[in-house]
S.K.: 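Below you will find the structure I want to go over with you.
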Amino acid sequence: MNWSQLLVPVTSGVSVALIVATVRFLWRRTRLPTGLSQRMTRRNYLAEMLVIAKNDNVDRLDALVPNLLPAQGSPVLVAIQESWTQLNGRRGVRVITRTEPTSLTAGAELLTAGIEVRVSRALTADHLSYHLFSGSEHHTVLNRRNGGKDRPERLDEISAAKVFRSHFDETWSESEPLESFLAGELLAGPDSGLADRIREQRAAYQLPAKAEDAILRHLAFRHRAPVVFVTGLPGAGKSLVRRALAEELRRWRMQVDELNDYVYAFEEFLHALMLFGDGRGAGFSAQQGGAFQVEREDDLRPALHTLGHRVWENRRSNPITIVEFARADTIGALQVFGDEVLAASQIIHVRASDTKRSARLARRGEPPKISVAGQSISLEVSDEHRLPSNAADTLYSRDDFALLKAQKNIANRLFLVENDAEEKAHVDEQVTAFVEAVVRPYRVLART
């Protein structure tokens with residue numbers, strides 16, 4: 001029986017300790033060649049890690065290190081961080097650590113080097129650590145703590161790496177980005193003491209400027225813009241702006257949920273079309289190309305309420321929610337979400353000339369995609385869905401940006417994106433300006 005036949009898939013919930021025990025048991029039972037395993041002393045553990053990291057046949061690293069240590073001038077640790085930075089420029093480096101201040105300090109050092117670090121609240125000091133190096137060669141470096149002593153070991157076999165990679169991927173999905181975790185620490189107290197907490201955190205974790213700025217970005221959006229509304233008339237480019245903003249925030253490793261009220265309106269339409277008799281979809285009528293028409297904007301209000309409920313659900317799980325919708329009465333539509341949501345939101349209003357909007361709407365016409373698998377039917381609607389011309393003319397006859405700007409409780413959180421140009425770069429520049437406008441007050445606060 002060969003090595004690969006001995007390994008079985010690891011299900012969720014299996015601890016790393018059990019994985020290690022299983023692997024070691026299988027070794028003893030099968031008398032595997034000693035070349036697959038190499039014991040090492042604590043003294044040469046870090047040196048061995050450095051050699052592997054510099055190996056040209058390795059281009060990726062996933063590391064679970066509960067007891068991650070900051071470099072603090074250690075030549076070996078500094079060299080390891082530099083080698084990880086080089087690896088990160090190939091296929092990437094991902095690191096998971098725990099909530100211990102020393103580990104967070106070390107994580108901030110890696111963050112400054114552009115390495116993605118996540119924090120797991122489930123890890124303890126006694127958890128096994130492992131480093132999964134992969135490429136044309138595969139090396140797994142383990143370190144089991146037993147009685148306060150380190151017991152490092154190296155495995156040079158791809159099948160062993162698969163076991164640990166399964167555990168790593170599961171733990172990674174359940175962990176929080178370091179920037180988000182530290183931003184959460186800052187949000188734990190009253191607003192009046194925020195500047196003091198920023199300074200204290202900077203000193204406690206010896207935060208480099210680049211790491212602190214990443215934390216401030218997460219802090220700014222979680223504190224000032226957990227909900228971003230994208231409004232404007234059909235054809236103005238709301239979906240383009242929504243996607244550009246989501247892409248920018250995800251680049252900073254923020255958890256983002258994109259919502260569009262068209263999905264919920266289409267659900268109402270289907271209830272009416274299929275004659276369910278539940279009263280939903282009143283006022284909807286079918287149009288060519290998989291589109292629908294409503295006579296009054298009030299017919300769309302149930303979809304807006306459903307969207308509002310989804311926004312409230314997201315606030316409990318702390319993602320950034322980007323909400324796109326089109327209404328003739330934008331102010332009235334915003335009130336559906338409630339004062340508490342509006343008070344912690346930003347609004348991006350997208351505007352384009354009537355000529356540009358009409359041309360874009362004329363090009364749109366992608367119907368819903370329907371697929372059937374057994375007893376299940378799935379339907380996917382597109383941002384480029386068709387809008388009947390009579391709806392564009394009767395429901396959305398004028399842009400209400402001026403009315404929005406006149407609202408005192410909205411004006412200081414309202415950002416205008418002009419989208420007459422066809423180049424996406426023009427939108428990207430304005431989205432970047434919006435992000436900087438949200439973050440700037442927190443940078444100022446950090447300097448006070």
S.K.: Holding to side chain to side chain contact (heavy atoms under 4.5 Å, CB included), I want the full list of residues that pass it with Arg327, two or more places apart in sequence or in another chain.
M.R.: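 Testing Arg327 for side chain to side chain contact (heavy atoms under 4.5 Å, CB included), a comparison that skips the adjacent residues, returns Asp261, Glu297, Leu300, Leu304, Phe325, Ala333.
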S.K.: With sequence neighbours excluded, tell me which residues meet salt bridge (Lys or Arg N to Asp or Glu O under 4.0 Å) with Asp213.
M.R.: Arg217, Arg443
S.K.: List for me each residue that meets side-chain hydrogen bond (donor to acceptor under 3.5 Å, both in side chains) alongside Thr112, sequence neighbours excluded, and say none if there are none.
M.R.: none
S.K.: Check salt bridge (Lys or Arg N to Asp or Glu O under 4.0 Å) between Arg315 and all other residues, then give those that pass, not counting sequence neighbours.
M.R.: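 Expected list: Glu340.
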S.K.: State which residues pass side chain to side chain contact (heavy atoms under 4.5 Å, CB included) with Asn55; sequence neighbours excluded, sorted by chain then number.
M.R.: Asn57, Val58, Glu137, His139
S.K.: Compile the donor-acceptor pairs under 3.5 Å between side chains in residues 230-237 and protein atoms, sequence neighbours left out, one pair per line.
M.R.:
unit_1	atom_1	unit_2	atom_2	d
Thr231	OG1	His349	ND1	2.8

S.K.: Would you please name every residue forming a salt bridge (Lys or Arg N to Asp or Glu O under 4.0 Å) with Glu109, sequence neighbours left out?
M.R.: none
S.K.: Please identify each residue that fulfils side-chain hydrogen bond (donor to acceptor under 3.5 Å, both in side chains) with Thr124, with sequence neighbours left out.
M.R.: His127
S.K.: Between Lys238 and Glu324, is a side chain to side chain contact (heavy atoms under 4.5 Å, CB included) present by the stated rule, with each step listed?
M.R.: CA-CA 7 Å; Lys238 298 184 302 301; Glu324 174 195 344; 3.6 Å; yes
S.K.: For Pro190, what residues pass the side chain to side chain contact (heavy atoms under 4.5 Å, CB included) criterion, not counting sequence neighbours?
M.R.: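 If we apply the side chain to side chain contact (heavy atoms under 4.5 Å, CB included) test to Pro190, skipping adjacent residues, the hits are Ser192, Arg197.
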S.K.: Tell me, please, which residues at least two apart from Thr448 pass side-chain hydrogen bond (donor to acceptor under 3.5 Å, both in side chains).
M.R.: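 Listed in chain order: nothing, the list is empty.
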S.K.: List for me each residue that meets salt bridge (Lys or Arg N to Asp or Glu O under 4.0 Å) alongside Arg251, sequence neighbours excluded, and say none if there are none.
M.R.: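 Per chain and number, Arg251 pairs via salt bridge (Lys or Arg N to Asp or Glu O under 4.0 Å) with Glu248.
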S.K.: Name all residues meeting the side-chain hydrogen bond (donor to acceptor under 3.5 Å, both in side chains) criterion together with Asn67; count only those two or more places apart in sequence or in a different chain, and write none if there are none.
M.R.: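 Result, side-chain hydrogen bond (donor to acceptor under 3.5 Å, both in side chains) vs Asn67: Arg98.
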